[in-house]
Amino acid sequence: MSDTRWNGEPCTARRITAIVADNQNFPLYWARHLVGTRRNIVEVVYGKSTFYLDDEDGSGWNKVTHGGSPHWAHSNISIEAASIEPRSTAQTDPDKACPHDNFGAYVAVNKVTASETDPTVVGYHADIKVTCSDCNEPFRWTGVPAGSSPRQPMCSVDETELRAPLRPASADPDFGMGLPGFSISYRGPKEG
């Protein structure tokens, strides 16, 4: 049993699947296109509140097993309460490694605008995460430098998220190239 927390305090959390419900309180509800579909969810009971985190990419479980702090991203999701089912897992023997036969991918495509006050689109990028659907282990991107760039794919520091620039097929090949980026280099300890 994993130690689960929300905002650093103990909570009860369990992995479930459920049918996504609409949330009329939010006109731009991020999961509206998923309404009616069954997804991996984490149910969190914290104090007198029960709420649900999307876990299709493993981020919900990652959040509650790493202290529940704002440092770990999550996506709240509304569900149909009567649709809750325990999450099945192909791994029945805890001493046997998961064969990683089933996968989930989370892809977010984002517009990059000129500034907070100028809505002119100057670029696009896709953020991609892949996890094993059976054991929720995240996959790491290999051979990709850490950082963010409008010129080449890069990954997060923990190598679990690919950050890839992209452009519409009809756009000029240099579309988005004037955007700033950053990279991260590791240097080992100094010798001597």
Side-chain angles (χ1 to χ4, degrees), residues 1-111 113 116 125-141 148 155-163:
M1 184 84 177
S2 297
D3 176 40
T4 55
R5 297 185 170 270
W6 189 258
N7 291 331
E9 297 179 350
C11 71
T12 302
R14 67 179 177 141
R15 295 177 188 174
I16 60 171
T17 67
I19 304 288
V20 178
D22 200 358
N23 189 328
Q24 296 300 325
N25 295 326
F26 299 100
L28 299 177
Y29 178 44
W30 76 269
R32 187 155 286 127
H33 67 289
L34 300 170
V35 169
T37 63
R38 181 166 293 278
R39 284 180 71 85
N40 289 334
I41 306 288
V42 172
E43 178 186 64
V44 179
V45 179
Y46 176 64
K48 294 181 181 180
S49 300
T50 300
F51 49 94
Y52 303 93
L53 309 177
D54 185 62
D55 197 43
E56 209 52 35
D57 64 353
S59 63
W61 192 248
N62 197 32
K63 171 115 179 164
V64 298
T65 56
H66 286 89
S69 77
H71 175 75
W72 298 96
H74 71 280
S75 299
N76 287 28
I77 196 163
S78 298
I79 64 162
E80 295 178 14
S83 72
I84 293 175
E85 294 180 2
R87 182 127 22 123
S88 63
T89 177
Q91 189 173 347
T92 55
D93 181 353
D95 294 326
K96 185 178 177 186
C98 180
H100 302 309
D101 290 331
N102 300 294
F103 307 95
Y106 171 79
V107 179
V109 178
N110 304 287
K111 291 181 180 180
T113 58
E116 288 183 25
H125 67 90
D127 300 332
I128 306 166
K129 293 182 178 184
V130 177
T131 59
C132 174
S133 296
D134 297 323
C135 71
N136 284 321
E137 180 176 358
F139 277 66
R140 297 185 188 276
W141 298 94
S148 181
C155 67
S156 59
V157 174
D158 64 0
E159 300 175 328
T160 60
E161 180 178 83
L162 181 69
R163 299 168 177 161

Check: Atom CD of Glu80 and atom CG of Asp22: how far apart are they, to the nearest 0.5 Å?
Finding: 10.0 Å
Notebook entry, point to check: Any side-chain heavy atom of Leu53 sitting closer than 4.5 Å to one from Asn76?
Noted result: yes
Margin query: So, taking the atom named CD1 in Ile79 and the one named CD1 in Ile19, what distance separates them when rounded to the nearest 0.5 Å?
Written below: 9.5 Å
Next item on the list: Answer whether the closest heavy-atom distance between the side chains of Tyr29 and Ile77 falls below 4.5 Å.
Entry: yes
Next item on the list: Examine distances only and state if a side-chain atom of Asp57 and a backbone atom of Ser59 form a donor-acceptor pair shorter than 3.5 Å.
Entry: yes
Next item on the list: Output the distance between atom CG (Asn62) and atom CG (Asp158), rounded to the nearest 0.5 Å.
Entry: 8.5 Å
Check: Measuring from Thr131:OG1 to Asn40:CG, what's the distance to the nearest 0.5 Å?
Finding: 8.0 Å
Check: Are any of the side-chain nitrogens in Asp3 or Arg5 under 4.0 Å away from the carboxylate oxygens of its partner?
Finding: yes
Next item on the list: Report the residues that fulfil ring pair (Phe, Tyr, Trp, His ring centres under 6.0 Å) with Phe139, sequence neighbours left out, ordered by chain and then residue number.
Entry: His100, Phe103
Next item on the list: For Ser78 and Asn23, test the side chains for any donor-to-acceptor distance below 3.5 angstrom and give the result as yes or no.
Entry: yes
Item checked: Trp61 ring center within less than 6.0 Å of His74 ring center -> no
Next item on the list: State the OG1-CD distance between Thr17 and Glu56, to the nearest 0.5 angstrom.
Entry: 10.0 Å
Checklist line | Qualifying residues under ring pair (Phe, Tyr, Trp, His ring centres under 6.0 Å), relative to Trp30, sequence neighbours excluded | finding: none
Check: How close do Pro138 and Thr160 get, heavy atom to heavy atom, and via which atoms?
Finding: CB-CG2, 4.0 Å
Check: Within a strict 4.5 Å, meaning less than it, do heavy atoms of the Cys98 and Cys132 side chains meet?
Finding: yes
Checklist line | Criterion side chain to side chain contact (heavy atoms under 4.5 Å, CB included) on Asp127 and Tyr106, from CA distance to verdict | finding: CA-CA 8 Å; Asp127 300 332; Tyr106 171 79; 5.5 Å; no
Notebook entry, point to check: Do the side chain of Trp72 and the main chain of His66 share a donor and acceptor less than 3.5 angstrom apart?
Noted result: yes
Margin query: Please find the pair of heavy atoms, one from Val64 and one from Ala13, that lie closest to each other, and give the distance.
Written below: CG2-CB, 4.0 Å
Notebook entry, point to check: Of the non-hydrogen atoms in Leu162 and Trp141, which two are nearest, and what is the gap between them?
Noted result: N-NE1, 3.2 Å
Checklist line | Non-hydrogen side-chain atoms of Ile128 and Glu161 separated by less than 4.5 Å | finding: no
Check: Does Glu85 have any salt bridge (charged side-chain N to carboxylate O under 4.0 Å, His left out) partners at least two apart in sequence or in another chain, and if so, which?
Finding: Arg38
Item checked: Under 3.5 Å donor-acceptor, Lys129 side chain and Ala105 backbone -> no
Item checked: Polar side-chain atom of Arg87 near backbone of Arg14 as donor-acceptor pair, under 3.5 Å -> no
Notebook entry, point to check: How many angstroms lie between OG1 in Thr4 and CZ in Arg15, if you round to the nearest 0.5 Å?
Noted result: 11.0 Å
Notebook entry, point to check: Thr12 versus Tyr46: any side-chain heavy-atom pair under 4.5 Å?
Noted result: no
Next item on the list: Would you mind reporting whether Arg163 and Cys155 have side-chain heavy atoms less than 4.5 Å apart?
Entry: no
Checklist line | Partner of Ile16 under side chain to side chain contact (heavy atoms under 4.5 Å, CB included), chosen from Ile84, Val42, Asp55 | finding: Ile84
